[in-house]
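Have a look at the structure below, then the notes.
It should be emphasised that the depicted structure is a prediction, and the values quoted were computed from it without experimental measurement. Atoms within a ligand are numbered from 1 in the order they appear, just like the ligands themselves.
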Amino acid sequence: MKTRVFSGMQPSGNLHIGNYLGALKNWVRIQHDYDCIFCIVDLHAVTVYQEPRELRAKIREIAALYLAAGIDPKVSAIMVQSSVAAHAELAWMLTCVTPVGWLERMTQYKAKAAKQESVGDGLLQYPVLMAADILLYQAGIVPVGEDQAQHLELTRDIAQRFNTLYGETFVVPETSLPTVGARIMGLDDPMQKMSKSASGAHHAVALLDPPDRIRKTIMRATTDSQPSVDMDSAGPGVLNLLAIYQAFCGWSDEQMRSHFQGMRYGDLKKQVAEMVVSQLEPFQQRYGQIVSEPGYLDAILRDGAARVAPVAEETVRLTKERMGLF
Ligand code: TYM
């Protein structure tokens with residue numbers, strides 16, 4: 001039996017090249033080697049207020065982006081988190097074995113909570129729901145970007161704690177990070193992670209940005225006071241541009257060095273911009289085709305939920321049995 005893979009993205013904000021290079025590109029690469037479930041985690045999105053109509057549209061947009069990136073729905077299940085009630089059910093059971101101190105230590109919680117006047121309980125519970133997503137399907141591998149590594153450690157801790165308390169129940173999952181592109185930084189500020197929620201107009205390249213906008217954002221990217229690339233002393237802005245290029249084209253470090261060493265920043269930016277435009281153009285064409293077929297996406301999401309539901313139900317049954325629930 002193939003090892004199960006589970007991963008997901010929140011339908012909040014616009015997916016960007018960080019999401020693609022950190023996670024989605026890897027999903028496409030490994031989908032034939034594993035039994036994969038790719039989820040649109042709408043219950044996570046509502047930990048921060050979402051306008052309902054926009055959220056509904058966003059869920060479909062993310063599903064279409066998974067397909068446009070090359071996820072094959074005949075091979076992998078694509079599903080919406082809230083369409084399988086077991087995610088929320090297992091999350092409660094895991095909440096009951098999770099010390100609140102573990103949750104308060106999460107850096108994403110601290111960063112998000114600092115931005116809110118009143119912090120919803122869902123924001124604190126967020127990583128427990130994420131653990132439930134993964135443990136529900138007994139996933140062995142979770143391909144994510146680096147910012148999710150801490151949540152994955154917590155998932156492992158929760159699984160181990162449950163297994164110790166109640167007996168072997170959950171597979172303890174491994175985190176899988178890409179070698180290049182695990183942490184793409186903001187183009188306007190290379191000290192900040194590229195993020196869906198950042199407000200700067202030139203912060204991120206969204207997967208559906210038109211070519212002229214992509215070029216403008218990359219040409220304005222923050223670099224440093226040097227005139228040209230020095231691979232041995234490059235600052236974070238230049239390293240970020242190089243990482244974007246390398247993650248898209250898959251070159252080795254040696255190829256990168258021999259191509260970019262000594263190149264003026266203006267030329268580096270032009271080359272990065274053309275690489276991103278050329279990679280996203282076919283992607284955007286496929287996206288256009290997918291959304292133009294009425295009913296296609298809904299059928300895929302229904303099928304995905306139906307395929308995964310028996311696995312989820314079996315895990316809930318086992319967990320309830322282990323805990324002595326009715
Ligand atoms: P989300 O929606 O914030 O991000 C989706 C994926 O994109 C990766 N990512 C990045 N990778 C590289 N550079 C960046 N700047 C960057 N920004 C985001 C993320 O690491 C992630 O892999 N909590 C998760 C969603 C989730 C999940 C799960 C993931 C819910 N349940 C179960 C895996 C398994 C999140 O908010 O991802």
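- Atom 31 (N) of ligand 1 has D133 OD2, 2.7 Å as its closest protein atom, hydrogens excluded (heavy atom only).
- Residue contact check for ligand 1: D147 places a non-hydrogen atom closer than 4.0 Å to it.
- The protein heavy atom nearest to atom 32 (C) of ligand 1 is F6 CE2, 3.5 Å.
- In the hydrophobic cluster analysis, where Ile, Leu, Val, Met, Phe, Trp and Tyr join through side-chain heavy atoms closer than 4.5 angstrom, L129 is grouped apart from V308.
- Relative orientation of the Y126 and H151 rings is tilted, given thresholds of 30° and 60° on the angle between their planes.
- At least one heavy atom of K196 sits closer than 4.0 Å to an atom of ligand 1.
- Here K216 does not pair with D212 in a salt bridge; the nearest charged N to carboxylate O distance is not below 4.0 Å.
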Steps toward salt bridge (Lys or Arg N to Asp or Glu O under 4.0 Å) verdict (E104, K110): CA-CA 7 Å; E104 284 167 342; K110 287 194 272 188; over 6 Å; no
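- Of the polar atoms of V41, none of the N or O atoms is found under 3.5 Å from an N or O of ligand 1, judged by distance alone.
- Considering backbone and side-chain N/O atoms, G8 never comes within less than 3.5 Å of an N/O atom of ligand 1.
- Donor-acceptor pairing under 3.5 Å is recorded for the side chains of H87 and D133.
- Put simply, part of H16 is less than 4.0 Å from ligand 1, judged by heavy atoms.
- Taking every heavy atom of Q10 and a limit of under 4.0 angstrom, the matching atoms of ligand 1 come to 2 (O), 35 (C), 36 (O).
- In this structure a side-chain-to-backbone donor-acceptor pair under 3.5 Å is present from Q31 to G70.
- With hydrogens and angles ignored, the 3.5 Å screen pairs a side-chain donor or acceptor of Q81 with a backbone N or O of L43.
- Between F260 and W251, the ring planes lie tilted relative to each other; the angle falls in the 30° to 60° range.
- Relative orientation of the W27 and Y66 rings is perpendicular, given thresholds of 30° and 60° on the angle between their planes.
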Under the criterion salt bridge (Lys or Arg N to Asp or Glu O under 4.0 Å), I'd like the reasoning laid out for R322 against E168: C-alpha separation, chi angles, the key distance, then a yes or no. CA-CA 9 Å; R322 289 278 196 271; E168 264 332 282; over 6 Å; no
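- Among protein heavy atoms, the minimum distance from atom 37 (O) of ligand 1 is reached at Q148 NE2, 3.9 Å.
- If you number the atoms of ligand 1 from 1 as listed, the ones under 4.0 Å from a heavy atom of Y126 come out as 23 (N), 24 (C), 35 (C), 36 (O).
- Side-chain atoms of R264 and S228 form no donor-acceptor pair, as typed in the model, at a separation below 3.5 Å.
- The nearest protein atom to atom 13 (N) of ligand 1, hydrogens excluded, is given as I184 N, 2.9 Å; this is a heavy-atom distance.
- Under a 4.0 Å criterion applied to the non-hydrogen atoms of S7, ligand 1 contributes the atoms 33 (C), 34 (C).
- Close approach of ligand 1 to R183 is summarised as follows: ligand atoms under 4.0 Å from at least one heavy atom of the residue are 12 (C), 13 (N).
- D42 and S82 share a donor-acceptor pair across their side chains, judged by distance under 3.5 Å alone.
- Donor-acceptor pairing under 3.5 Å is recorded for the side chains of Q271 and H259.
- Atoms of ligand 1 lying under 4.0 Å from at least one heavy atom of I134, given by number and element, are 32 (C), 34 (C).
- Nearest to atom 16 (C) of ligand 1 by heavy atom, out of G18, P127, S176, is G18.
- Using a 3.5 Å distance cut-off with no hydrogens or angles, the side chains of S12 and Q50 do not pair a donor with an acceptor.
- Of the protein's non-hydrogen atoms, the one nearest atom 7 (O) of ligand 1 is N19 ND2, 3.1 Å.
- The A182 neighbourhood of ligand 1 comprises atoms 11 (N), 12 (C), 13 (N), with distances under 4.0 Å to a heavy atom of that residue.
- Heavy-atom contacts of V142 reach the following atoms of ligand 1: 33 (C), 34 (C) (cutoff under 4.0 Å).
- Per-residue contacts place M194 under 4.0 angstrom from the following atoms of ligand 1 (heavy atoms of the residue considered): 14 (C), 15 (N), 17 (N).
- Any N or O atom pair closer than 3.5 Å counts here, and G145 shares at least one such pair with ligand 1.
- Within the structure, ligand 1 has G181 among the residues with a heavy atom less than 4.0 angstrom away.
- Distances between N or O atoms of E146 and those of ligand 1 include no value under 3.5 Å.
- Considering H87, M130, K193 only, the shortest heavy-atom separation from atom 27 (C) of ligand 1 involves M130.
- Contacts of V144 with ligand 1, taken as heavy-atom pairs under 4.0 Å, involve both backbone and side chain.
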